[in-house]
Amino acid sequence: MSSYKSALDWLYSTQMFGIKLGLDGITQLLRACGVLYPRARVIHVAGTNGKGSTCAFTESVARAAGYSTGLFTSPHLVRFNERIRVNGQEIPDPDAARLILKVKEIIEPWETKPTFFELVLAVAMMYFAEQEVDLIVLETGMGGRLDATNAVPKDVAVLTPIGLDHTQYLGDTLYDIAAEKAAIFAWHRPALTAPQEPEAIRAIHAAAQAMDTDYRVVSEECELPLGLHGSYQKRNAALSLAALRALPHFLASEPEIAHGLATVQWPGRFEEIAPQVLMDGAHNPPAIRVLVEAWQERFGRQKARCIYAGSADKALDEVLQLLAPIVSEWVLPPVQSPRILPPQEMAAKVRAASAAPICTPATLAEALHPLPPHTLICGSFFLLGEAKAHLHQEPDYRLTAQ
């Protein structure tokens with residue numbers, strides 16, 4: 001058994017500890033690993049939708065401007081290494097194995113074990129320190145106030161659009177959720193937000209006052225050519241540029257900015273994986289609205305053969321009603337994750353939302369072959385990851401809860 005595989009086996013076994021919100025454990029872990037206070041500058045991004053794309057734009061532009069970059073995101077689609085990137089390149093297997101085993105050794109005597117997400121963040125921060133990156137871009141896992149990433153001191157805090165999601169952890173009002181996410185604001189440090197609902201802005205304003213910092217609403221759109229599809233990405237790109245410009249002494253020429261925006265890559269976000277075959281991880285109502293808008297911009301009245309799966313804890317009834325106008329046929333395959341609603345139960349929800357025909361293939365492979373034009377694969381990242389792994393014949397695919 002390779003050291004990489006054995007290291008991942010151990011890391012994935014820690015998922016049994018579940019999600020544990022709070023900063024005490026991760027602070028202890030980062031301190032023990034010697035990376036609690038990074039030398040690099042840090043841009044920290046929270047929000048409900050658009051976090052990954054905003055992080056990707058930020059990293060790509062900084063790299064194009066000559067900065068050495070570290071990017072931490074979650075979840076991964078196919079391979080664990082996607083979560084940790086330096087200068088656009090995934091952490092190599094030997095480095096991932098070495099650092100995972102190093103963290104394992106550090107926590108061996110601890111009575112209270114860190115969670116999977118905390119351990120991955122520690123591995124990322126150690127790798128970024130070793131590589132001596134200039135800028136770290138951190139995507140929150142969930143929420144903000146008690147998310148492990150909030151233990152890392154930041155130079156700029158960024159909020160993408162906020163909606164109702166993870167209500168079992170973050171609260172069931174938009175104000176409560178926005179307050180949790182805006183709690184990434186740091187004392188006297190720049191803070192930026194995408195346009196938000198009034199209820200969310202009230203929470204953001206209160207968070208900024210508590211940290212004695214100003215925040216700016218970035219409402220403009222970026223008009224430069226972008227490497228990611230969909231007009232909504234213009235707003236994410238503008239937010240990322242504002243975040244970089246808020247960094248003290250950040251320098252980038254117009255050609256460097258243009259190159260970074262045009263060459264950015266981010267899988268699973270209105271990603272064209274074959275001619276007129278799109279894949280998107282939209283899984284809550286605000287994201288589905290944006291996805292429907294992007295589909296109609298691209299294809300007009302042409303409807304989609306929609307390969308769909310969703311987690312049982314999401315607002316599936318509303319999601320399906322929003323998605324229905326662009327769907328000509330529903331394909332509801334089985335997906336490995338226990339969080340995914342089984343196809344037959346999903347079919348019942350689809351029938352209540354749509355008159356389009358429904359197919360429930362026995363396997364995901366059957367759903368993916370063939371992939372005719374105007375196919376949309378969307379919903380859970382579990383579906384996207386398993387589909388990509390199958391299409392690319394990727395042997396290292398593993399489910400992850402975070």
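Heavy atoms only: backbone and side chains are in, while hydrogens, waters and symmetry mates are out. Along the sequence shown, the residues carry numbers beginning at 1.
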Report yes or no: does Tyr67 contribute a side-chain atom to a donor-acceptor pair with the main-chain N or O of Leu251 at less than 3.5 Å? yes

Next on the checklist: Taking the basic N atoms (NZ, or NE/NH1/NH2) and the acidic carboxylate oxygens, is any pair closer than 4.0 Å for Glu197 and Arg202?
Outcome noted: no

query: Could you go step by step and tell me if Lys388 and Glu271 meet the side chain to side chain contact (heavy atoms under 4.5 Å, CB included) rule?
result: CA-CA 11 Å; Lys388 273 184 171 284; Glu271 178 189 9; 3.0 Å; yes

CE (Met279) and CD1 (Ile273) are apart, to the nearest 0.5 Å, by 4.0 Å

Do the side chain of Arg85 and the main chain of Glu82 share a donor and acceptor less than 3.5 angstrom apart?
yes

Heavy-atom count check: over 12 atoms from other residues, nucleotides or ligands less than 6.0 Å from Glu132 CD? no

dist Leu261:CG -> Leu241:CG (nearest 0.5 Å) comes out at 5.0 Å

(message) Distance alone, cut at 3.5 Å: any donor-acceptor contact between the side chains of Asn81 and Tyr4?
(response) yes

Sub-3.5 Å donor-acceptor pair from the side chain of Ser60 to the main-chain atoms of Phe57, do we have one? no

So CD of Gln89 and OG1 of Thr69: to nearest 0.5 Å the spacing works out to 10.0 Å

Separation between NE2 (His374) and CD (Gln276), nearest 0.5 Å, reads 4.0 Å

With a 3.5 Å distance limit and no angle check, can you tell me whether Thr213 reaches the backbone of Arg189 through a side-chain donor-acceptor pair?
yes

| task | Please determine, by modelled atom types, if Gln131 and Ser68 share a side-chain donor-acceptor pair under 3.5 angstrom. | result | no

Can the ring centroids of Tyr232 and Phe270 be said to lie less than 6.0 angstrom from one another?
no

Item to check | Pair Lys113 + Glu108: basic N to acidic O under 4.0 Å | outcome: no

Exercise for the section: Examine distances only and state if a side-chain atom of Glu118 and a backbone atom of Thr115 form a donor-acceptor pair shorter than 3.5 Å. Expected result: yes

Worksheet item: Just by distance, with hydrogens left out, do His44 and Thr149 show a side-chain donor and acceptor under 3.5 Å apart?
Response: yes

**Prompt:** Is a side-chain N or O of Ser240 found less than 3.5 angstrom from the main chain of Thr54, in a donor-acceptor match?
**Reply:** no

- Message: With a sphere of 6.0 Å drawn around CD of Gln265, does it hold more than 12 non-hydrogen atoms of other residues, nucleotides or ligands?
- Response: no

Quiz item: Counting distance only, does the side-chain N/O of Glu256 pair as donor-acceptor with the main-chain N or O of Ser253 below 3.5 Å?
Solution: yes

Query raised in the report: Does a salt bridge link Arg79 with Asp93, judged by any charged N lying under 4.0 Å from a carboxylate O?
Result: yes

Do the charged groups of Glu293 and Arg298 touch, with an N to O distance under 4.0 Å?
-> no

Hey, is Asp134 close enough to Arg41 for a salt bridge, meaning N to O under 4.0 Å?
no

With a 4.5 Å heavy-atom cut-off, do Val319 and Asp317 have their side chains touching?
no

query: Regarding Asp9 and Ser6, is there a side-chain donor-to-acceptor distance under 3.5 Å anywhere?
result: no

Q | Asp24, CG atom: more than 12 neighbouring heavy atoms under 6.0 Å | A | no

Point to revise | Evaluation steps, salt bridge (charged side-chain N to carboxylate O under 4.0 Å, His left out), between Glu139 and Arg83 | key: CA-CA 10 Å; Glu139 179 190 12; Arg83 294 168 175 259; over 6 Å; no

Should the pair Glu59-Arg63 be classified as a salt bridge under the 4.0 Å nitrogen-to-oxygen rule? yes

- Test item: side-chain donor near acceptor, Trp330 and Ser354, under 3.5 Å: yes

- Go through Asp280 and Arg269 one step at a time and tell me if the salt bridge (charged side-chain N to carboxylate O under 4.0 Å, His left out) criterion holds. CA-CA 5 Å; Asp280 194 283; Arg269 280 71 172 185; over 6 Å; no

Worksheet item: So, does Asp212 use its side chain to make a donor-acceptor pair with the main chain of His188 at under 3.5 Å?
Response: no

task: Take the angle between the ring planes of His76 and Phe80 and call it parallel below 30°, perpendicular above 60°, tilted in between.
output: perpendicular

May I ask you to decide if Ser53's main-chain N or O and Asn236's side chain share a donor-acceptor pair within less than 3.5 Å?
no

To the nearest 0.5 Å, atom OH of Tyr175 lies from atom CD of Glu199 at 9.0 Å

Margin query: Taking Ile162's backbone N and O only, do any of them form a donor-acceptor pair with Lys181's side chain (distance below 3.5 Å, no angle check)?
Written below: no

Rounding to 0.5 Å, atoms OG1 (Thr112) and CD1 (Ile107) come to a distance of 11.0 Å

Open item on the list: Can you confirm if the aromatic rings of Phe117 and Phe72 lie within a centre distance of less than 6.0 Å?
Closed with: yes

